[in-house]
Amino acid sequence: MTDTDTPSAETATPIRPVPAPAPDFVVVPARHPGRWVVIAVIAVIAAVVLRSVIINPNFQWTVVGHYIFADIILMGLLTTLWLTAIAMLLGVVLGVIVAVMRISDNPIISSAAQFFLWFFRGTPVLVQLIFWYNLAALYPNYAIGIPFLAPHLLHGSVNDLITPYTAAILGLGLNEAAYMAEIVRAGIMSVDGGQAEAARALGMKRITAMRRIILPQAMRFIVPPTGNETIGMLKTTSIVSVIALSDLLYSAQTIYSRTFQTIPLLLVACIWYLGVTSLLSTVQSRIEHRFSRGHIRRSR
Amino acid sequence: MSNPLVEARQVIKRYGNVEVLRGVDFTVQQGEVACLIGPSGSGKSTFLRCINHLEKIDGGTLTVGGDFIGYRQQGNKLHELRENEIAAKREKIGMVFQRFNLFAHKTALENVIEAPIVVKGEKRQEAMEHARSLLARVGLSHRVDAYPAELSGGQQQRVAIARALAMRPELMLFDEPTSALDPELVGEVLDVMRDLARDGMTMIVVTHEMGFAREVGKTIAFMDEGVVVEHGTPERLFTAPRHPRTRAFLSKVLKA
């Protein structure tokens, strides 16, 4: 009722019955002379750097070529890759569980999750790694069984159980879980409360609503930082050299400690790290695309 | 006045120290359309959300089909139910929200089939057929594969109604279903609701659409400051309101 003046406004500026002919103007795009200056500067810097990289004999590119596909390097790369994969898998699965525990209504469950976060986020991952590796110093033997009835169903020496591999997986995975839990929790909180409410009103149980409605939408916010974490993990795995696991970097170090070709071998390691990182970035953007369902307007 | 489908007696709801519902009495018969009107903050929406136990009540009794939604009655004791047990009881109560709350990562059709499949365990094929017929009923056969973001507000709300209907509810709750819509889209949603009412669905509608309330409502309840101040047939309430607060409210909204 308030917009009674709209019709009169329309009659005041009547719509042209015949479309006006296209005006004879030519649109001249805006000029950006500054861009050309910047391009020139960057081109010069790039040329200088590239020239020195090629010409400077200290890079020893022939040595790089010699070692890039060496067995020991490839074995190290393999260790780095599967360690990254398993630590991230453990981190993501445990992270989701801890995140869901953290937002639980049950104060005991939520406190337990908070304690987990506090501990594993609050101590250096290097310390955790060494700690797991030396667990036998704390508990020389282990026994799994039913308390009082059959306490020793499964037992043995902790030293046999904690190999460098299990120590690396536990150290990296548990630490990652703490970080992932916060990422997942942020993702869950970013989903509008109305979604959970609609799910509840339709009779869904909480776990069903979480799995079917909340988490799939939270993924949009979870995937990008998880990509970061994965790439970070790829490089963090290099600290397992302290417990004598031969990852990519450690393998390179083993060679140059013998041959003193430090720079080219570090280059070998970097080339592989960069290669894998590039691959992971591609995978990440694919996954992001998958979880952006309903948020990208499709052309009809 | 045989047996009411929804019966509320002295329902009380508090948020901390604030008493939002201060003894609501309200009944709805099977097949009836009841409209809840009143100023914002009067507790209409809160009361609606108490009916399907999205909000827990702090006093009084509230039954749907003679059944306590949040409790199990055993003699003179009411045992509070766990969230998952309440979830099962909500199946028969459909709810439509002001802000639609469609699942953003699912198409219109997927929104409608989701609960029948995961809650009721319906077969996908059956659920799809039912969903298609419901979407046709709300006039959206041509948009079944659209995501919520690709639909207008009115279309989203119609999908939301179809989604609630897919659970074959005995009762439909509408929480200001047209308040978030552009004015020109209100009509299409009200048409769907009118159609539902004609088919005999029991509906409780919290609304600011006085025209709709008057036309479709069988009873109107006016709420203010956490109580039902007055209720009656639309003719009576709109033409001869008894309570001064009802009169004040109606004179304000009907003049606009």
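Remember, it's a predicted structure, so these values are computed and weren't measured experimentally. Below, read A as the first sequence line, B as the second, and so on, with proteins coming before strands; counting in each chain starts at 1.
- Top candidate by heavy-atom pairs under 4.5 Å with chain A, chosen from B/E85, B/R163, B/M167, is B/R163.
- For the set A/R206, A/R220, A/M204, the entry with the most heavy-atom pairs within less than 4.5 Å of chain B is A/M204.
- Here A/T208 contributes atom OG1 and B/N84 contributes atom CG; the two are 7.5 Å apart, rounded to the nearest 0.5 Å.
- Here the CZ-CD distance, from B/R99 to A/E197, works out to 11.5 Å after rounding to the nearest 0.5 Å.
- Within 6.0 Å of the NZ atom in B/K106, the count of heavy atoms belonging to other residues, nucleotides or ligands exceeds 12.
- Smallest separation of non-hydrogen atoms from B/A104 and A/Q195: N-OE1, 3.6 Å.
- Between chain A and the residues B/I86, B/V118, B/N52, the largest count of heavy-atom pairs under 4.5 Å involves B/V118.
- By the 6.0 Å contact criterion, CH2 on A/W118 is open, its count of non-hydrogen atoms from other residues, nucleotides or ligands being 12 or less.
- Within the 4.5 angstrom heavy-atom criterion, no atom of A/A209 approaches chain B.
- Of all the listed residues (B/E110, B/H53, B/K120), the one sharing the greatest number of non-hydrogen pairs under 4.5 Å with chain A is B/E110.
- The shortest non-hydrogen separation linking B/F103 to A/A198 is CE2-CB, 4.0 Å.
- Listed options B/V96, B/I93, B/L102, B/L173 were ranked by heavy-atom pairs under 4.5 angstrom with chain A; first place goes to B/L102.
- Between atom CZ of residue A/R212 and atom NE2 of residue B/H105 there is a gap of 7.0 Å, rounded to the nearest 0.5 Å.
- Taking both residues in full, the closest heavy atoms of A/G294 and B/A149 are given as O-CB, 3.5 Å, listed atom of the first, atom of the second, then distance.
- Scanning both residues, A/A201 and B/F97, for their nearest heavy atoms gives CB-CZ, 3.9 Å.
- When the shell of 6.0 Å around CG of A/L274 is examined, it contains more than 12 heavy atoms from other residues, nucleotides or ligands.
- Taking CD of B/E83 as the reference point, atom CZ of A/R200 lies at 4.5 Å (rounded to 0.5 Å).
- Between A/I213 atom CD1 and B/N101 atom CG the span is 11.5 Å, to the nearest 0.5 Å.
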